[in-house]
Amino acid sequence: MVEYRTHMKIIGDILSTTRDDLQDDDGATVTYLIRKANVSHSRISRILRVLVSQGLLEKVDAQGSRKYKISQTGREFLQAYHKFSGFATNFGLTI
Amino acid sequence: MGFLVGLVIGVVSIIGYRNTGSPTLFRLAIAFCSISAGFFVIWVGYMVEDLVIKSGHLERWIQTLGIAIQTVGYFFIAFSHSIKSLFPKSRYFRSVGILPLFLVSSVQIEHIFRSVSFILLAYGAIETTLSYFENRNKGAISVAIGLSLLALGEFLGWYSFVFPESILYFVSMIIKIAGLIALFIPVSKIPLTKIKFDESFD
């Protein structure tokens with residue numbers, strides 16, 4: 001059965017990838033994030049723009065390619081996300 | 001007790017909403033703040049009756065108001081489980097849906113609110129139990145028991161109209177408080193202290 005993911009869950013997956021599952025220290029490429037977070041290119045582009053503008057991700061130009069790294073604010077958001085995701089799960093809900 | 005437990009869960013939900021911007025946590029915040037406010041209104045009613053009016057019984061409209069506010073809270077819990085799909089789509093049915101509330105006395109309104117609360121709580125308890133079978137989260141069991149006890153409390157509270165001099169109303173209040181404590185158990189395990197990150201991360 002296909003699991004429905006909320007917008008918040010997709011953001012959580014993208015941030016988790018940039019924190020815990022990086023290819024190298026420079027950050028993650030868009031292609032890598034698409035594969036890991038399982039989101040289409042057009043959708044992930046919009047989400048990445050928002051996450052960078054909100055200061056949750058940092059855009060890095062490394063070796064000719066654009067990569068994304070999680071910021072300190074992003075780490076704090078992810079921490080809060082996991083904490084309150086558990087809280088909502090207790091009520092049988094997803095945030 | 002009901003006021004405090006509802007308030008704590010409501011505040012945790014508000015903190016969660018402010019940190020994540022999640023609409024689910026916003027709905028939970030409204031739900032538990034309403035439940036807390038409902039208990040508070042009934043408590044104030046008892047205090048005013050005990051200390052000022054001294055009539056020996058709680059004013060019916062205060063009781064109805066408190067229960068109505070609680071019902072709003074139960075509605076938002078059920079609404080978080082996508083109960084909106086059960087609403088009639090027709091504007092006509094939506095507009096006449098609340099009409100009966102203006103045609104009945106306050107006692108009958110209290111009956112209606114209690115029965116609606118029971119249905120919403122039973123729905124929330126069933127959905128939460130089903131979610132437990134999906135993800136095996138032990139906290140969900142506690143919440144499902146809590147919602148079930150609240151539903152039973154509402155049912156007994158409604159049934160106490162049949163036997164007004166019995167202890168049914170008192171028992172219903174005890175069961176509702178037990179339900180709120182069961183709701184509070186998983187919430188009390190949420191760590192709300194800010195976690196400091198290792199400097200090597202930066």
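Below, chains carry the letters A, B, ... as their sequence lines are ordered, and counting in each starts from 1.
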For [X], look at atom [atom1] and say whether over 12 heavy atoms of other residues, nucleotides or ligands are found less than 6.0 Å away.
X: A/F77; atom1: CZ; answer: yes
X: B/Y46; atom1: OH; answer: yes
X: B/Y159; atom1: OH; answer: no

For the student: nearest non-hydrogen atoms of [X] and [Y], plus distance:
X: B/S131; Y: A/G92; value: OG-CA, 3.0 Å
X: A/M8; Y: B/T20; value: CE-O, 3.2 Å
X: A/N90; Y: B/T128; value: O-CG2, 3.9 Å
X: A/I95; Y: B/S22; value: CB-OG, 3.2 Å

Apply side-chain contact (heavy atoms from CB on, under 4.5 Å) to the pair B/I9 and A/F87, showing each step before the final yes or no.
CA-CA 10 Å; B/I9 302 176; A/F87 171 72; 4.2 Å; yes
Less than 4.5 Å to any heavy atom of chain A: does that hold for the side chain of B/N135, its backbone, both, or neither?
side chain
For side-chain contact (heavy atoms from CB on, under 4.5 Å), just list the numbers for B/S13 and A/F84, CA-CA rounded to whole Å, side-chain angles, deciding distance to a tenth of an Å, and then say yes or no.
CA-CA 8 Å; B/S13 303; A/F84 289 103; over 6 Å; no
Applying the side chain to side chain contact (heavy atoms under 4.5 Å, CB included) test to A/F91, which of B/V143, B/N137, B/I77 qualifies?
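With A/F91 as partner, B/V143, B/N137, B/I77 yield a single side chain to side chain contact (heavy atoms under 4.5 Å, CB included), made by B/V143.
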Donor-acceptor contact below 3.5 Å, side chain B/T24 vs main chain A/T94:
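Yes, B/T24 side chain to A/T94 backbone: donor-acceptor pair under 3.5 Å.
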For the candidates B/G16, B/G146, B/G124, which exhibits the highest count of non-hydrogen atom pairs separated by less than 4.5 Å from chain A?
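Greatest number of close heavy-atom pairs with chain A: B/G16.
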